[in-house]
Amino acid sequence: MLNYRKDLEKMPSYDGVEKNYRIKVNANESTMNLPPLVAERVQNRLSYVAFNRYPNEEYYSLVEQIAKNFSVEQEQILLGGGSSEIIEKIFHAFGGVGKKIVYPQPSFSMYKIYAKAAEAEGISFDLDEKFDLNVEKFIKKVRETQANLAVVCNPNNPTGNVLTLEQVEEIAKSVDCAFLLDEAYIEFYGKTAVGLVKKYPNLIVARTFSKAYGLAGARVGYMIANSEVAKMIGKTFMPYHLNSLSLATADIVYQMRDEFIPRIQMIISERKRIFERLKKFPKLEVFPSQTNFILIRHERADELNKFLESLDIGVRFFSPTAPGLKNCLRISFGTRPENDEVFDAIKNWLEK
Ligand SMILES: *Cc1c(COP(=O)(O)O)cnc(C)c1O
């Protein structure tokens with residue numbers, strides 16, 4: 001007889017079975033591997049990794065670079081296995097039986113699962129019909145529920161929309177608890193709240209190398225917070241939880257982050273171009289995005305999804321039970337030819 005931990009049976013599994021589509025635009029990854037110049041430097045760096053040593057040097061080398069870039073102390077930074085691990089640990093640090101964690105909906109689907117894993121009570125706050133977050137009501141909800149942690153994803157996944165820095169500050173200022181801001185897509189928006197950490201010690205900003213820096217396979221993310229807060233959250237991590245290969249890779253990528261600027265700019269201009277073209281179809285709802293993806297809605301989205309699949313194009317289709325996302329598809333931007341092909345396929349289907 002195997003007795004699992006209470007409620008483990010009820011935990012949803014992450015449906016991460018990924019098909020290898022010809023055009024894979026379902027997971028907000030970069031469709032391009034590292035720029036050749038960066039790849040070369042990474043390979044060279046990996047050739048002298050000290051496999052026999054625990055990854056101290058690699059860890060602190062990256063921390064030092066990030067601290068310098070944001071003009072913060074190294075003690076304010078923690079690295080994690082993707083920002084997923086960071087977010088999970090923050091939920092752990094502020095969760096526990098009887099604690100409440102408030103997050104918007106629809107947003108990153110993992111918040112609900114991390115809340116469960118931390119044995120906390122996850123409380124979702126509905127976005128309005130345009131997927132905007134009513135800041136005043138959100139603050140009220142956090143205060144009324146006496147939440148221990150408030151979470152906002154900015155720009156938001158999967159809706160693509162944003163809060164202004166003023167709105168983020170309003171939340172940081174007004175909630176009486178920890179406030180996690182998930183900036184997984186911030187490079188495509190540009191308005192980071194890291195500068196507010198100094199003024200609001202309850203603010204924790206999580207970032208990742210997985211999206212704009214095309215490093216999803218290496219699993220590296222980081223957070224910036226008040227140093228006392230970082231010290232406490234740091235206690236929830238295992239020693240040496242990141243491996244030296246990933247750390248050394250992220251270290252080079254961060255050193256060479258300017259090499260990614262043209263790509264980020266390309267994605268932003270592609271986003272504008274495709275948004276304008278998709279907007280012209282009356283039956284298709286298109287939501288403005290500040291990310292590397294776009295959310296669309298159509299009353300026969302499941303058919304459109306199947307049609308795209310038949311062309312070996314993989315987009316993200318949301319299950320009809322995903323709150324607020326009925327008939328929605330999320331499509332990441334790739335190279336210009338990839339985006340054109342996806343657009344043409346949608347157009348052909350709509351005009352059929
Ligand atoms: C992709 C994503 C993450 C984390 O990705 P990692 O690969 O774990 O860094 C976190 N939050 C949101 C909203 C995301 O979309």
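Index from 1, following the sequence. Atoms within each ligand, like the ligands themselves, are counted from 1 in listed order.
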Decide yes or no for E58 and R45: does some side-chain heavy atom of the first lie under 4.5 Å from some side-chain heavy atom of the second?
yes

If I compare all heavy atoms of L350 with all of L284, which pair ends up nearest, and what's the gap?
CD1-CD2, 4.1 Å

Under the side chain to side chain contact (heavy atoms under 4.5 Å, CB included) test, which residues partner N28, sequence neighbours left out?
N157, Y185, K211, N292, F293, R330, S332

Looking at Y222, is R207 sitting on its ring face, NZ or CZ under 6.0 Å from the six-membered ring centre and within 45 degrees of the normal?
no

Give one line per pair: atom of ligand 1, protein atom, distance. Only N/O to N/O under 3.5 Å.
| unit_1 | atom_1 | unit_2 | atom_2 | d |
| --- | --- | --- | --- | --- |
| ligand 1 | 7 (O) | S210 | OG | 2.6 |
| ligand 1 | 7 (O) | R219 | NH1 | 2.7 |
| ligand 1 | 7 (O) | R219 | NH2 | 3.3 |
| ligand 1 | 8 (O) | S83 | N | 3.3 |
| ligand 1 | 8 (O) | S84 | N | 2.9 |
| ligand 1 | 8 (O) | S84 | OG | 2.5 |
| ligand 1 | 8 (O) | R219 | NH2 | 2.8 |
| ligand 1 | 9 (O) | S83 | N | 2.6 |
| ligand 1 | 9 (O) | S83 | OG | 3.1 |
| ligand 1 | 9 (O) | T208 | OG1 | 2.5 |
| ligand 1 | 9 (O) | S210 | OG | 3.3 |
| ligand 1 | 11 (N) | D182 | OD1 | 3.4 |
| ligand 1 | 11 (N) | D182 | OD2 | 2.6 |
| ligand 1 | 15 (O) | N157 | ND2 | 2.8 |
| ligand 1 | 15 (O) | Y185 | OH | 2.6 |
| ligand 1 | 15 (O) | K211 | NZ | 3.0 |

Determine whether R263 and E187 make a side-chain contact, defined as any pair of heavy atoms from C-beta on separated by less than 4.5 Å.
no

Is the closest side-chain heavy-atom distance between I204 and F179 below 4.5 Å?
no

